[in-house]
*Asks:* 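Just dropping this structure here.
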Protein chains: 2
Amino acid sequence: MLEELEDDTRAIRRDATRARILAAAWELARRDGVAAITLRDVARQVGMRAPSLYTYFPSKNAMYDAMYADGARELAQTLSRRAEVSDPRETLRNRIRLFIDFCVADPVRYQLIMERPIPGFEPTPESFRITIDALADTRADMEATGVRGESALDMWRALITGLVSLQIANDPGGDRWTRLQDDALDMFLAHHADGPTGARRPERKGGEA
Amino acid sequence: MLEELEDDTRAIRRDATRARILAAAWELARRDGVAAITLRDVARQVGMRAPSLYTYFPSKNAMYDAMYADGARELAQTLSRRAEVSDPRETLRNRIRLFIDFCVADPVRYQLIMERPIPGFEPTPESFRITIDALADTRADMEATGVRGESALDMWRALITGLVSLQIANDPGGDRWTRLQDDALDMFLAHHADGPTGARRPERKGGEA
DNA sequence: GTCTATATCCAGATAGAC
DNA sequence: GTCTATCTGGATATAGAC
């Protein structure tokens, strides 16, 4: 029968339209903020009316979830490009650069994936999983430099989060904070890693001056 | 005449009602988020209907601005309590603790003052000024420890911002990140200050290992 | 000063014709 | 699959009675 072929064609067209809708949603989100987009505007952007979108997404939150998955996949793809070199510190540095560049390249995408900017929306577990997996290897790169412990990872997350969020909030398009990333890593490693032996520092108290 | 006395009494009652309205607004903001509060709900909370609020605030944004000024004054008052001790590092440590405690004690207040959580609202210059002034002395405390330069201050802001925002977002009510504050300061000072002489480190390149 | 009633606007979502 | 028309609900803000 020809029916199966027709079904395939139909599915392909459907996916293409879905992609067009998502692209329009991203464009409006970048212009007005993620939380500000409306189904009416998204529909107009692709030459439709709002109710037609319900053919492709059962709800607005479902559309948000598809956007989230989009961004999470882009993050995964970006980090997969990190180069592994002989010096583990340079490997880590490379990963950090990829991550920070990803964040500041599209602040709205960053917010959608890393923060929770839309009241009432949180990603489905399947979509969230993509983000988790993408970030999971950071720990290995970190430990390869001799850094151990949850506290050290938490400290590092804080440092990177702070650099990115201040960059986006106070110097969008610039590099006032992102240019500190290498210095930040030097500072962090000097404090948390004790060279190739990987011996751990004491938990705190009594500076090393 | 008695008219002036009556005017005073009336003004006092008006201010008291304004304060009751603001308290209600804060309560709802803490429960549902700053951006989610509605005039209807705030009014109900104080036993009124929404239009009555316009006697006390000319617009919703004016109410937000009053809330902003509230929070900013509380920040100023908090930081004014910082103890100045002989060791400038301990003085700085004390200020940081006050600041971080202030932030995590009321995440919604933190967001209103330090971020821009409400589309279409930004504080009036007079209200914003309160925040600026409250934070201005941090630089002096920092420089008293021998740290110099805008980059160092930017790095420090990033570190604190990261600790606070991760704490609020991922461990509300806990101390997973806030307990790192002393360690963060040690790390930062070890990297950015060169002891009492105050000599500056090179701008970057070539680790100090 | 507070109320009711209402203007005005906009949102997400559904029904049903075509 | 897409449309028009509509439901349902909520928001800020204003007019005018009391």
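None of these values were measured; they are calculated from a predicted model. Chain letters run A, B, ... following the sequence lines, proteins first, then strands; residues in each count from 1.
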*Asks:* Do B:Arg93 and B:Asp87 sit within salt-bridge range, that is, some charged N less than 4.0 Å from a carboxylate O?
*Replies:* no
*Asks:* Where the side chain of A:Pro51 is defined as all heavy atoms beyond and including C-beta, which of C:dT2, C:dC3, D:dT4 is the nearest nucleotide?
*Replies:* D:dT4
*Asks:* Rounded to whole Å, how long is the line connecting atom CG of B:Asn61 with atom P of D:dT12?
*Replies:* 10 Å
*Asks:* For a quick check of understanding: with a heavy-atom distance under 4.0 Å over all strands, which category does B:Thr17 fall into, base, sugar-phosphate or nothing?
*Replies:* nothing
*Asks:* Could you check how far CG of B:Asp15 sits from P of C:dG1, rounded to whole Å?
*Replies:* 11 Å
*Asks:* Tell me what A:Tyr56 touches on the nucleic acid: a base, only sugar-phosphate, or nothing, going by heavy atoms under 4.0 Å.
*Replies:* sugar-phosphate
*Asks:* Base, sugar-phosphate, or nothing: which does A:Gly47 touch, judged by heavy atoms less than 4.0 Å apart?
*Replies:* sugar-phosphate
*Asks:* Could you tell me the separation between the CE atom of A:Met63 and the C1' atom of C:dA13, rounded to a whole number of Å?
*Replies:* 14 Å
*Asks:* Look at the side chain of A:Arg49 and decide which nucleotide, out of C:dC3, D:dT4, C:dA13, has an atom nearest to it.
*Replies:* D:dT4
*Asks:* Please work out if B:Arg14 contacts a base, only the sugar-phosphate, or nothing of the nucleic acid, heavy-atom cut-off 4.0 Å.
*Replies:* sugar-phosphate
*Asks:* Under a 4.0 Å threshold between the charged nitrogen and the carboxylate oxygen, would B:Arg97 count as salt-bridged to B:Asp101?
*Replies:* no
*Asks:* Checking contacts here: which listed nucleotide (C:dG12, D:dT2, C:dG1) is nearest the side-chain heavy atoms of A:Ser52?
*Replies:* D:dT2
*Asks:* Looking at every strand, decide which applies to A:Thr38 at a 4.0 Å heavy-atom threshold: base, sugar-phosphate, or nothing.
*Replies:* sugar-phosphate
*Asks:* With a 4.0 Å cut-off on N to O distance, would you call A:Asp141 and A:Arg82 a salt bridge?
*Replies:* yes
*Asks:* Taking the basic N atoms (NZ, or NE/NH1/NH2) and the acidic carboxylate oxygens, is any pair closer than 4.0 Å for B:Arg148 and B:Glu143?
*Replies:* no
*Asks:* Classify the side chain of A:Arg40 versus the base of C:dG12 as yes if they form a donor-acceptor pair under 3.5 Å and no if they do not.
*Replies:* yes
*Asks:* Measure the distance from OH on A:Tyr54 to P on C:dG12 and round it to the nearest whole Å.
*Replies:* 7 Å
*Asks:* Quick one: B:Leu39 CG to C:dT6 C1', roughly how many Å, whole number?
*Replies:* 16 Å
*Asks:* Pick from A:Ile100, A:Asn170, A:Ile168, A:Val104: which one makes a side-chain contact (heavy atoms from CB on, under 4.5 Å) with A:Trp177?
*Replies:* A:Asn170
*Asks:* Using atom CZ of B:Phe57 as one end and atom P of D:dT14 as the other, report the distance to the nearest whole Å.
*Replies:* 16 Å
*Asks:* Between P on D:dT14 and NZ on B:Lys60, what's the gap in Å once rounded to a whole number?
*Replies:* 15 Å
